[in-house]
Amino acid sequence: MPLPEAFYHRRTTVVARALLGCVLVHDTPEGRTAGRIVETEAYLSTKDAASHAFRGRTPRNVAMFGHPGRAYIYFIYGMYYCFNVVTEPEGVGEAVLVRALEPIEGLALMQKRRGTDVARNLCSGPGKLVLALGVRPEQNHASLLEGPLRIEAPEAFGLAKVSARKIVATKRVGITLAADLPLRFYERGNLFISRK
DNA sequence: GACCAGATTGTCT
DNA sequence: GACAATCTGGTCA
């Protein structure tokens with residue numbers, strides 16, 4: 001059972017923490033790939049200068065202002081895409097960037113898509129996990145509550161929740177504005193995060 | 001391990 | 001026209 005809309009209909013930092021340990025699944029004609037979420041970042045609305053939503057709604061960021069539990073996928077650095085989950089009630093404009101997964105299903109397919117067989121290098125970054133799971137830009141706005149791209153609770157895959165004391169909060173990666181806010185979250189000790 | 005240049009293009013000012 | 005929520009492959013150690 002995918003996580004319900006109510007899961008996403010909360011404070012963005014709460015969702016960013018709660019997503020750790022949950023499983024992102026993508027079913028495609030080539031097969032299924034899935035990974036355990038081990039690193040996230042919260043992007044807030046008008047108080048967060050690093051957020052795409054900081055200056056309000058634009059053609060690019062409209063998905064951020066859409067329904068909670070949908071995807072916001074954007075193009076970055078001329079060649080990569082990043083996958084986010086929309087949070088808060090519709091119209092607020094916040095989201096959680098999924099930065100790293102621990103691969104748990106479809107490793108061979110991930111290896112083929114990524115061109116490497118090093119497990120730690122398959123999904124250890126926002127651009128990498130989009131490639132490894134075969135997420136496409138047309139899936140911007142797609143619901144994560146149903147359909148081929150979903151997020152499941154840990155229990156659905158026989159996994160335990162990530163306890164609060166195993167969650168580390170640090171500065172976000174790759175930004176210049178509002179760079180000091182502790183809005184990046186990852187599982188302590190996990191080998192599949194994007195960086196120390 | 002750390003640091004750095006280069007790739008490549010949509011987006012917003 | 002400047003910049004960007006990144007990654008890879010190179011150098012040096």
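Below, chains carry the letters A, B, ... as their sequence lines are ordered, and counting in each starts from 1.
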Please check if the distance between the ring centroids of A:H52 and A:Y43 is under 6.0 Å. no
Counting only non-hydrogen atoms, which of residues 105-129 of chain A are less than 4.0 Å from DNA chain B? none
DNA chain C: first to last nucleotide in contact with chain A (atom under 4.0 angstrom from a heavy atom), 5' to 3', is C:dA4 to C:dT8
Check ion pair A:E155-A:K161 (N to O, under 4.0 angstrom): yes
Watson-Crick or G-U stems involving DNA chain B, each at least 3 pairs long, distances under 3.5 Å, ordered by first number: B:1-7 with C:6-12, B:9-12 with C:1-4
Salt bridge or not between A:D48 and A:R172? Use side-chain N to carboxylate O under 4.0 Å. yes
So A:V25 and A:I151, do their side chains get closer than 4.5 Å, heavy atoms only? no
Among A:V96, A:L3, A:V14, side chain to side chain contact (heavy atoms under 4.5 Å, CB included) partner for A:Y8: A:L3
What is the distance from atom CD of A:E5 to atom OG of A:S143, rounded to the nearest 0.5 Å? 8.0 Å
Distance in Å, A:T170 OG1 paired with A:F185 CZ, rounded so as to fall on 0.5 Å steps: 8.5 Å
Residue set satisfying side chain to side chain donor-acceptor pair (under 3.5 Å) with A:R136, at least two apart, ordered chain then number -> A:E138
List the steps and the verdict of ring-ring contact (aromatic ring centres under 6.0 Å, His included) for A:Y72 and A:Y74. CA-CA 7 Å; A:Y72 168 46; A:Y74 65 87; 5.4 Å; yes
When rounded to the nearest 0.5 angstrom, what distance separates OG1 in A:T40 from CZ in A:R17? 9.0 Å
Where protein sits on nucleotides 2-13 of chain B, one letter per nucleotide: B base, S sugar-phosphate only, - none, heavy atoms under 4.0 Å: -----BBBSSSS
More than 12 heavy atoms from other groups under 6.0 Å of CZ on A:R10: yes
Starting from A:I193, walk the hydrophobic network (Ile, Leu, Val, Met, Phe, Trp, Tyr; side-chain heavy atoms closer than 4.5 Å) and list everyone else you reach, by chain and number. A:V38, A:V168, A:Y186, A:L191, A:F192
